[in-house]
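Before any comments, here is the structure.
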Amino acid sequence: MIPATTLRPEDWRTCELIAFDIRIPGATKRLVSEGAAWRGSAHVELLDPHHAVLVIRAGGARETEGRAA
């Protein structure tokens, strides 16, 4: 399990937050998949035992092989 931390991105004005209810079947898998897609530009924060937020820093997407990552 990911340890809970306080939600304090470096610069909150340049990030997107995506909330996940991990009680829903498949939500945890999607959270992990989305986090992996953003590689080093995102991290997960736990709000409580049932809810997580994917924090994505602006400018994190990279162009690879003609497609946005």
Val44 side chain near Val53 side chain, heavy-atom distance below 4.5 Å | no
Side-chain contact, heavy-atom cut-off 4.5 Å: Arg57 with His43?
-> yes
Results of salt bridge (Lys or Arg N to Asp or Glu O under 4.0 Å) for Asp21 - residues two or more places apart only = Arg23
Show me the side-chain donor-acceptor pairs of residues 25-33 shorter than 3.5 Å, one per line, residues at least two apart or across chains.
residue: Arg30; atom: NE; partner: Glu34; partner atom: OE2; Å: 3.0
residue: Arg30; atom: NH2; partner: Glu34; partner atom: OE2; Å: 3.2

Please tell me if the side chains of Cys15 and Ile56 come closer than 4.5 Å, counting only heavy atoms from C-beta onward.
-> no
